[in-house]
Structure formats: C-alpha cells, structure tokens
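Just so we're on the same page: letters track the sequence lines, and every chain starts at 1.
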Amino acid sequence: MDRYNAKDIEAKWQSAWATADCFRAEETPGREKYYVLEMFPYPSGRIHMGHVRNYTIGDVIARYKRARGFNVLHPMGWDAFGLPAENAAMERKVHPAKWTYANIAAMRDQLQSMGLSLDWSREFATCDPDYYAQQQRLFLEFMAHDLVYRKETWVNWDPVDHTVLANEQVIDGKGWRSGAPVERRNLPGWFFKITEYAEELLDELQRMERWPEKVRLMQANWIGRSEGARVFFPLEGDAAAEAHGPLEVFTTRPDTLFGASFCAVSPHHPLTAALAEKDPELRAFVAECDRLGTSEEAIETAEKRGYRTPLTARHPLIPDQTLPVCVANFVLMDYGTGSIFGCPAHDQRDLDFARKYDLSVTPVVLPPDADPATFAIDAEAYVGEGRIYNSDFLNGLSVTDAKRSVIERLEDLSAGRGTVQFRLRDWGVSRQRYWGCPIPVIHCPTCGPVPVPDAQLPVTLPEDVDFDTPGNPLAHHPTWKKVDCPRCGGPAERDTDTMDTFVDSSWYFARFCSPQAERPLDSAATRYWLPVDQYIGGIEHAVLHLLYARFFTRALQRFGDVETVEPFAGLFTQGMITHATYRAEDGAWIEPNDVMQAEDGRLTTSEGRAVTQGRIEKMSKSKRNTVDPATIIETYGPDTARWFMLSDSPPEREMEWTDAGIEGAWRFVNRLWRLVEAALESLPPRGAPMPPVIEGPALDLRRQVHKTVDAITSDIEAFHFNKAVARLYELTNALSGYDAKDAAGTWVLREALELLVRLSGPMMPHLSEELWQRLGHSELLANTAWPDAEQTLLIEESVTLAVQVNGKKRATIELPRDADQQAAEAAALADPAVQRALQGQALRKVIVVPNRIVNLVI
RNA sequence: GGCCCCUUGGCGGAACUGGUAGACGCACGGGACUUAAAAUCCCGGGUCUUCGGACGUGCGGGUUCGAGUCCCGCAGGGGCCACCA
C-alpha cells in the first residue's frame, strides 16, 4: 500500500479544479448566493501563518456552502498600496510597482499551493490603475455629495522624513523610521464626513447579530456617544473677544455647573489665535504645547499647564460671578467645542489644574453618606453619584435629575442647550506619500480646488520618481503636478497627496462583484452579491477598516451604487497564531528552526550555544518565533497544514503552533489514507443497493456515521471547526475498530467511508478528492452535494441516565428511550449502588428528567 | 483612569437552553510487531483512598433537588480605548 504522496496528489487536484473551473462565480438569478470573503492581504512577499489560518477558515466555509448548493462568490485580491513599497524603493532601489507586483506573484503562488476554492478570475490589486481610477471616480462622487471637505488640522509631522505620520507610526513621540521627535503641524488635507453617519453607525450595531459582541462594543466605544450640554459663557475683558461672542463649552456634567471655577480653551482654539496676535507670551505658550508629542507616553507624563488670559467668563446661572479664562494644554480642539468649564471638585484633570494654579474648589455633589458640613475634596475628585448641593435650584436633586433640570433652565435662558457629542472624528485621508491613490483634484489660484474632469481620469502615478530626496516624491516631481485648471484654463497644480490606504480597502469587497466594470460598481452585480455573507479576518481591524467600510457602504448607497448599508452581514474574527520564543544567553532571539534538543533535554542552537525557552507569544519577526508556511506546505502538504489549523483551538482564540501538533495532523492524514486504502478491496461496488437487514455492530456504526454527519454540519455552521475535527477523529477511531462481518457489514463500511470523505472535503480537499476517486467516483468531490443525515438513525433506542442521591451521582442506568417516570424511578431504586447510598431511608422527593437524570432526595 | 472579556487534567480544549465534568488531540506510561530503531497497532490515566468511598472546573459566599454553566464579592491573566470635558 502506498504512503500518501502529498505533493503529487495535491498538485493533481489543484489542476483538476482549475481545468474544471469549479470556483468561478457567476450571477445566476434565482439561485441563492453566498459571498465569503477573507480580508485581502498586503503583498509583503510571503504568506504568514495568520494568512494560512484566515484562508483555511474561509475556504472551509466556501467549500461547505458550495456543497450546500449556494452560488458561492469567494474572491481574492491585494491591498497593495502602502509605505513598505516606498521603503523598499529607498533601501533597495527598486520601484514600488515592480516590488509590489513581484511580491503579488510570489504570494499568489503560495496561496494557490494551499488549494483554496477561489475565483481567481476576479483578482485585482488596489495599485492597479484600473482599480484606483475607479476609486478616484468615487472620490469625486464624495465631493459631489458633499461628503468630503478640505480643512487644516494638527498632524504628526516627521521633520526628517518630511511626511505626516499616522498615530501608529509614532513610537514614544518619535518617528518610527527616522527616530526624530515628532512635531505637531497644521496642514491642509481632505476629510471624509464619517461623523455625518455617527448616530446611524452606532445604532445599527445593535442589529448586527452575526458580528462578535466584542467588535460591536469596540466600535460603539470608538464612536463614543455622550449626552451633555453646550453652555454659553459671555466673555469680558477684551473688546475683540467680546465681539467674538460668548464662549461655548461642551460638558457631560451640566449638573456641576455651580461648581465651576474656571474656563479653559484649547491652544488651537480660534479665541487663542485671536488673543495670541497681540500677546507674544501666549504665542510662546502655544508653540510649547505643540512641541509636546501626542504619543501615549507624552500625554501620560505631561503636566497640566495653563496660560491665564486677560478674559473673564460670566457664569450663565450666577449673574455676579465671573470665572478666569485660561488656555490649557489638556483641552483638545477636535472634541466638543475645544473649550471647557472646569469643575475641579468632580473632575480629576480640572482638580489637578486648579491645585496647580490655586483656583477655587467647590463640591456640588454630596456622596450618599457624607456630611455636607464637613465633606471636602482633597487630592481626588469625587466622580460618583450623590445629591446636588451648593447649587441653588438644583439642591437636593440626583445627578441625573439635576442634568435634566439645569438643561431646561439653560434652554429657557438661551444660555445653553442639551446636546449629543460623538468621539468619532472625521476621517483625514491625505497622505504625503507616493505609493497610493492620487487625489483627483487640481488646485487653481483663482478657482480653488477643482475636481479632475471624468474624461481626464485616471490621474496616474508618474513612474520616473526620485526616492532619494526626503519628502513626497509627487511634490518633488518636476512636471507631474503642473497642469491647466480644468475650469479657467489658467496654470494650476495637482493635489500631490495620495489617499490613506484604508480608502482602498473600504470598497474592494464591492468591486469584487464586478471587477472589470467601466464604472466603480455595477449596481446589478452589487444587488445580487452584496452584502458579504461571511467576512473573516483579524480582530486588529475591529475598528478602523470595518468602520470605514461601513461608512463607505452608506455613502455608496447614497450614490446609488449599492442597495445595502451594511457591507458585512456576518463577521468572524480569528485568533492569532502563537509560538514559543527562544533566546540565547546574550538575549538574542533564536528562530525555532535553529533550536535543537540535546540528549539531556537541554536546548541549544545548531552551533551549540545554550538556548532558553521563553513565553509563548504571537508570531512576530521581532521575536523571531515565526514558522514559514511555505516550508510546512512543502514538507507536509497543504491538507496537513489546514487540518492542524482547524484542530484543537477554537478559531476565534489564539492557536499555538507546535512541531508536535503539525506532526499529529500529518499522522491523521496518513491514517485516513490507509483506512480507505485498506478497505477498498473488500467494498461492494459503488451504488450497490442497501441490504434489507442491517443490525449489530453494522447498525451501531451506521448510527454513529449519521450522527457525525449531523454534528459536523452544525459544527461548521457554528464555526466550531475544532469540534468537527474531534468528531472526524471519533469516527475514524470507530472505523479502525470495525470489522465487517458480511455483505451488509461491507455495505455499511462503504457508506461510512464515503461519508467520512465527504465530511472531510472542506477541511482537507486534496486528500478527500483523491479518496473519493479511489472509492470509484468520477465526478469531482468539489462538485458533490453535502450529505444529509438519515434522521431515523439519529434517535437512540436506549439511553443512559445518571442516578443521583441528594445531587451526587451514584450510578448510571440503561433505559429504553422516553421511558416514563415510574420506570426510571424503579430502575434507579433497583441499582445496588443506589440502595447502598440510600441506606433504607425514605425518599422525600424524586426528580426525573426524561432521558437524562434521576435525582433521589432523602 | 474608563469599558469589556477570560480562568476546566502536564498542555490545547469538550460539556446544546443548569442535568453523567474532562469528548477529541498533544505530551506521557505500558504492551504488540521488529535483530533493532522508526513507522504502525492495542491498552492506560483528574487527585486521594482504609477500595466502601472522599474531594475536584481560580478563591469566598449565595440561589437550586442539582451549578463549569445563574447571582454577589475577591484574586490572577488578557484585550480595547484613553488629557474625549
């Protein structure tokens, strides 16, 4: 008997599927569709284990749904713009396009070696001019629908690389590449109006039942709805400022208004700018605030600092009280109104600030058991519940009632109003980079920003660019940006920024419906295929990508391109792949490949250096604890890799990669092979009629097989792949111990093996396909329907019940299914172990749960 | 600092709405086959035990005939957000 030859067999079936073109998806009206999508990869050059897990899960679902008769769309593409390509250009003198497309070719080969049921005819990369041309059309649609606007804002600026950095690219206040301290700069850029949909994006989360609770919660927190009030404080002390109108602040604690002791505005507030014009000291203060980084560490260690302006603010509810107005470094311009009132007694930041600048601290919320005469605030603000006091008409109210009451009063006096504030900000998409989708706008000195006319699209990236000069290669290009204004014909310049790569991934799933369409989307195709029925990817995209895509889909609906507002009806977030880490004595990380175990169990490198094993951590290049999937697939074949990925750990949890684990999977692949091979000769021909009588071990096996069909079907539906794997092991174990005694016995054996192979199909497609052929089938397993369990075989004739005495298990009894209470009680009482436990005492109560348990209470 | 989640053998994990805790795999131990090894096959296992049983799902309490599952408190681990007023 042959050993399973992974390489030949797997290549054979991959080409058979390709020849049969099994996985090409076509719109078939009237046939129920199912769109399975895994988050498309960044073409770094090689796939990693996270990809293997992601695409294995997706492929199980896609193959299963196909077998269930759905018209499945399962496409693949490349999230191909981004900074690494520019870094490669700088470091290796290779053009980003060349580097990216070479990586795509290499990764496509690797993905194809996994045997995924993908429709490769729909493949595209976001850096294809065909794709980004359509994205530019969409950008112009956003402009036409007033969903994108231009403004100046504060960004992280790397003074060495001359570029804006995303927050994630600022590490400890320094640029991740240059290491230079990041500055804050005010730069113009384009913003998508995602905040226009804040309420809708938040509300709809409640109805997205097929999304993980965790992701919905993270998005809800990110959108951050707060109820509160806007309050107007009339300003005094400077004619210009008074003309500016009252100071508008946002608060979630209007109930503490009587405890206000100051007002503070952001260093970037217009009022600050107005005052700074004639106040050099204030200008210096603002400049200093800007030098402080926006990194986590900088914020944590930053001291609360303020600058006292000559202004005072009149309290809206206490006519004879005025409050000092400060510029404070902790007030953010882009949340609320960019200004606050400070109530030090009930807000820790305000308290820190008040103590430093010696401002008054008046408690207005009395904790439940506190004495109003003695309650005082020391170093900690009181933020809990309580009764309002020191607060005129609010005295005696609860916090909640006081909020309502004070808002009513403010509204009566036109001194404020109740409002809802979101944490979500508009999405800034301009990036000062080359390898991205050019923003299709021309800046004209007379006409302002002018959209590039449709006929002139796409605005393509120039190829002759210089990466040796720091900064944006598009801005440096000698001719690219110089154009005539499409409106007045005068000399003008292109926008030299490109779009955030998250824009590229915000609509690719819709483009897959009609990847060659002349317009961004073909509404007939999107109507048929969208929403994505099952989206699968990493939890790291819980907020940004998934929120942007939800926003985009709403915009696309407004443009008439799609019917749905939610892009992903079902979302599954897979866990990370972990691996043990190893370090040499000098602390250097050692790759698992280089670790050997000596006879005495000690670990060394191949050169004999001592190695210690560290914690099990997420696979990462920095810890060098990665395992290359290409090596694994080369050694064991894709089915073994896929099988191991699905075994043991539930897919949403972390999965530890171990050599023993992959070896175990390899053993099972071979065991399944041998099981079928060994049985082939004794089997009746394919399609032989079912024998009239099946009994004894054959019937038992048949019951188990059909129960397995039933169980695996629901396991796959529920993403419980580890349980499906366990059931296949159990069935295999049963088959190993099965001895076919007669014709009925071998008939059942054939049925069992065929079902075993069909159930394995989505998980180990190559092996299953080969065994299916060896069992005599000429039709591809990939084109074979999912089996149905024989319902009558799922019902047991006899059941085992546990018998408890006072809740402790004392025995088990066998009873016919659905035996009545008296029979169950009698059988329980007849058991010797039960009698021993009862010790002749009278029963006080008997609980019988049919087919489950008998509990005797004495 | 805020919000959320998790905790079951040596390990990963099973256990549908409260009803036989530990399926299945990994690792381990024993045996068979072999000159031998590998591969393969079979068997074993929560802990303790006076062999009757006792104790066991992070810890302490509660509800219930019955709790891994529900409730309260605590501890440990993890995640996300974070000068968000």
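OP1 and OP2 of B/C4 both lie 4.0 Å or more from every side-chain N or O belonging to A/Lys214. Remark: A/Tyr729 is not in phosphate contact with B/G25, judged by side-chain N or O atoms under 4.0 Å from OP1 or OP2. Look at A/Arg653 and you won't find any side-chain N or O under 4.0 angstrom from OP1 or OP2 of B/C6.
Ring centers of A/Phe644 and A/Trp666: at least 6.0 Å apart, outside the cut-off.
Across the protein-nucleic acid pair, A/Lys808 atom NZ and B/G52 atom C1' stand 15 Å apart, rounded to whole Å. In this structure, A/Phe644 atom CZ and B/G13 atom C1' are separated by 13 Å, rounded to whole Å. Here the C1' atom of nucleotide B/A27 and the CG atom of A/Asp659 are 13 Å apart, to the nearest Å. One atom, CG of A/Leu544, and another, C1' of B/C80, lie 12 Å apart when rounded to the nearest Å. Summarising the geometry, the separation between CD on A/Gln821 and P on B/C65 is reported as 16 Å, rounded to the nearest angstrom. Taking atom CG on A/Asn329 and atom P on B/A85, their separation rounds to 17 Å, with Å as the unit. For the pair A/Asn806 CG and B/U64 C1', the computed distance is 13 Å after rounding to whole Å. Separating the CD1 atom of A/Ile847 from the P atom of B/C65 is a distance of 7 Å, rounded to the nearest angstrom.
Spacing between B/G68 and B/G62 at atom P, rounded to whole Å, works out to 15 Å.
Looking at heavy-atom distances under 4.0 Å, A/Val331 makes contact with a base. The residue A/Arg727 sits apart from the nucleic acid: no heavy atom pair falls under 4.0 Å. Base engagement by A/Thr800 is indicated by at least one non-hydrogen atom pair under 4.0 Å involving a base atom. When heavy atoms are screened at a 4.0 angstrom cut-off, A/Asn722 is found touching the sugar-phosphate backbone but no base atom. Within 4.0 Å (heavy atoms only), A/Glu730 reaches sugar-phosphate atoms of the nucleic acid but no base atom. Here A/Val857 lies in heavy-atom contact (under 4.0 Å) with sugar-phosphate atoms only. No engagement by A/Arg230 is indicated, since no non-hydrogen atom pair under 4.0 Å with the nucleic acid exists.
A salt bridge links A/Arg727 to A/Asp715: one of the charged nitrogens lies within less than 4.0 Å of a carboxylate oxygen. A/Arg216 and A/Glu213 are joined by a salt bridge, as a carboxylate oxygen and a charged side-chain nitrogen come within less than 4.0 angstrom of each other. A/Glu288 and A/Arg305 are joined by a salt bridge, as a carboxylate oxygen and a charged side-chain nitrogen come within less than 4.0 angstrom of each other. Salt bridge A/Glu199/A/Arg225: present, at least one basic N to carboxylate O contact under 4.0 Å.
Within the model, atoms CG of A/Asn329 and CZ of A/Phe285 stand 5.5 Å from one another, a figure rounded to the nearest 0.5 Å.
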TODO: Assign a letter to each nucleotide of nucleotides 39-48 of chain B from its 5' end: B, base within under 4.0 Å of a protein heavy atom; S, sugar-phosphate only; -, no contact.
DONE: -SS-------

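Side-chain N/O atoms of A/Lys723 and base N/O atoms of B/C24 include no donor-acceptor pair closer than 3.5 Å.
Relative to the side chain of A/Thr251, the nucleotides B/A85, B/C24, B/U20 differ in distance, and B/A85 lies closest.
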